[in-house]
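Working notes, structure below.
Since we're looking at a predicted model, the values are computed, not measured. Letters A, B, ... are given to chains in the order of the sequence lines, protein chains preceding strands, and every chain is numbered from 1.
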Amino acid sequence: MRLTAQEVYDKLVNEDGILQLEGQIKFYLGDVNIIVKQRDVVGNIMQEWLQGWLDKRGIEYAPSENTQMPPDFFLNPDDKTKNLLEVKAFNRNRGPGFDIADFRMYEEEIINKPYMLNVDYLIFGYDMNDDGVVTIKDVWLKKVWEITRRMEDWPINLQIKDNVVHKIRPGIWYAEDTARTDYTVFESLEDFISAIEEAVFQNPKTHNNAGTWKAAFLRSYKQETGIDLSIPRWSEIKDKYDLKSVRKLEKAKSDLAKATDQYEKIKERIQLYHQKLHVEQEKNNVGKVGKIQDDIEKQKKNAEKAKEKINKAQAKIDELEG
DNA sequence: CATGAAACCTTGCCTATGCG
DNA sequence: CGCATAGGCAAGGTTTCATG
């Protein structure tokens, strides 16, 4: 039986009820039996489990030729450019920490094999309790651009050690609270490619290929799919993925509005006090005149403070917009 | 002196990131 | 990959302040 990645997903979730199952990782050597409670191994175990599951359900596949690179499974053994499946797993109580691929290999790979962009990622979000019991909290089927994002100083989320680029790592694609996320995952294949191109340029080790990378990729992609992709410039799309700056700008604007409002109210208040002062001066009410004069001085200080707030907010807006 | 609104502080939670 | 950590955000409580 041959299934697509989507059919595999549906079968796992709907027919086999994977979200209701419980598992445990056991190991024995001699007469010593242990239950593995370390999470490092769960990803590999899940991949092997899926292979066992495919076998048991009689689903055809060819296994990976290179365990370092996606995919893990070719669901169509006769055409190893279609229906490719990559399996990932991560601790659902934390963020996804798995690697997508080594950046340099990936950047070259998608020129040589553009169909790799179409790999389906089957992702398990698991939980492991103190007894080592593993349960699957979530399963997703995703394309690569749906699980990757930019980072502060790079167009794609990269693991960087001693200034050297290593792996592409995922973002959080399932956040229910966007107020807490700084960078959203990419909206399209085109934006993802734009980010890769920019990263090829920014990375010292690939910088020299940057001039030809995009053209080479587009040629290869067209040859394989017949499609002329239109890739936006990174500088034109980068801001929409930076929610942090968007929020900062909004806050600065609201601070400015508030401070301006405050400033106006204080000015009105001072005017009112001046009127009162006038009345009491006419009455020669020395005590009250002194008190009102004190009040006016106080309000003038408040006005200065408000003015400072206004300037600060305006400076922030200029900085973020400029 | 009481009141209500705004400013301020604390705490817990979550994400992003760097390192081993 | 896991883990530690920093920093941002929300909620809730508390303080401060203008005002009647």
Side-chain angles (χ1 to χ4, degrees), chain A residues 25 36-48 67-68 70 72 86-103 121 123-128 132 134 147-185 199 241-252 254-255 257-273 275-276 288 291-292 294-306 308-309 312-313 316 320:
Chain A
I25 304 167
V36 178
K37 289 171 191 162
Q38 286 209 327
R39 296 173 220 281
D40 305 49
V41 300
V42 178
N44 288 331
I45 299 284
M46 283 306 298
Q47 191 184 321
E48 286 212 43
T67 53
Q68 294 297 304
D72 296 318
E86 176 74 7
V87 180
K88 297 287 177 193
F90 70 98
N91 179 356
R92 182 56 230 264
N93 300 315
R94 300 189 173 262
F98 55 81
D99 299 327
I100 306 279
D102 178 80
F103 176 73
Y121 287 77
I123 306 167
F124 299 101
Y126 68 83
D127 172 68
M128 183 190 272
V134 175
I147 57 174
T148 44
R149 59 165 171 85
R150 62 168 283 183
M151 63 192 275
E152 177 86 23
D153 300 324
W154 288 83
I156 191 152
N157 189 22
L158 293 166
Q159 187 181 38
I160 293 162
K161 296 181 183 184
D162 302 323
N163 263 329
V164 178
V165 169
H166 289 266
K167 306 293 175 83
I168 302 173
R169 301 187 74 180
I172 290 176
W173 59 87
Y174 49 82
E176 60 277 351
D177 181 6
T178 51
R180 278 186 153 89
T181 48
D182 292 349
Y183 308 104
T184 52
V185 292
Y241 291 114
D242 183 0
L243 299 185
K244 192 163 56 170
S245 293
V246 170
R247 275 198 302 267
K248 273 188 188 166
L249 183 61
E250 272 166 12
K251 181 168 185 306
S254 113
D255 283 353
K258 258 192 214 167
T260 307
D261 210 50
Q262 209 175 26
Y263 185 68
E264 291 304 318
K265 275 187 185 161
I266 293 169
K267 278 209 299 197
E268 277 172 31
R269 202 175 291 141
I270 291 175
Q271 276 194 331
L272 187 75
Y273 285 4
Q275 283 171 19
K276 281 187 185 173
K288 283 206 174 169
K291 187 170 178 310
I292 293 171
D294 283 354
D295 284 347
I296 289 175
E297 285 312 305
K298 256 195 218 168
Q299 291 302 331
K300 280 186 176 168
K301 275 184 188 159
N302 287 343
E304 270 174 44
K305 275 189 198 166
E308 261 177 52
K309 278 189 199 169
K312 222 170 141 186
K316 194 83 195 168
L320 289 167

Nearest-angstrom distance from the residue atom [atom1] of [X] to [atom2] of [N]:
| X | N | atom1 | atom2 | result |
| --- | --- | --- | --- | --- |
| A/Ile270 | C/dA18 | CD1 | P | 12 Å |
| A/Ile45 | C/dG2 | CD1 | P | 13 Å |
| A/Lys251 | C/dG8 | NZ | C1' | 11 Å |
| A/Asp261 | B/dA5 | CG | P | 16 Å |
| A/Ile292 | C/dT19 | CD1 | P | 13 Å |
| A/Glu268 | C/dT19 | CD | P | 11 Å |

In B/S/- notation (B base, S sugar-phosphate only, - none; protein heavy atoms under 4.0 Å), nucleotides 6-20 of chain B written 5' to 3' is -S----BBSSSS-BB
Pair A/Lys298 + A/Asp294: basic N to acidic O under 4.0 Å: no
Classify the ring geometry between A/Trp173 and A/Phe90 as parallel (under 30°), tilted (30 to 60°) or perpendicular (over 60°). perpendicular
In this structure, OH of A/Tyr126 is separated from CG of A/Asn93 (nearest 0.5 Å) by 9.0 Å
May I ask you to check whether over 12 heavy atoms, not counting those of A/Glu264, lie within 6.0 Å of atom CD? yes
With a non-hydrogen cut-off below 4.0 angstrom, is A/Asn44 in contact with a base, only sugar-phosphate, or nothing? nothing
Just to be sure I understand the rule, does A/Gly95 reach a base, reach only the sugar-phosphate, or reach nothing, if contact means heavy atoms closer than 4.0 Å? nothing
What pairs with A/Ser245 under side-chain hydrogen bond (donor to acceptor under 3.5 Å, both in side chains), at least two apart in sequence or on another chain? A/Asp242
Check whether any side-chain N or O of A/Arg94 sits under 4.0 Å from OP1 or OP2 of C/dG2, and answer yes or no. no
Applying salt bridge (charged side-chain N to carboxylate O under 4.0 Å, His left out) to A/Arg94 and not counting sequence neighbours gives none
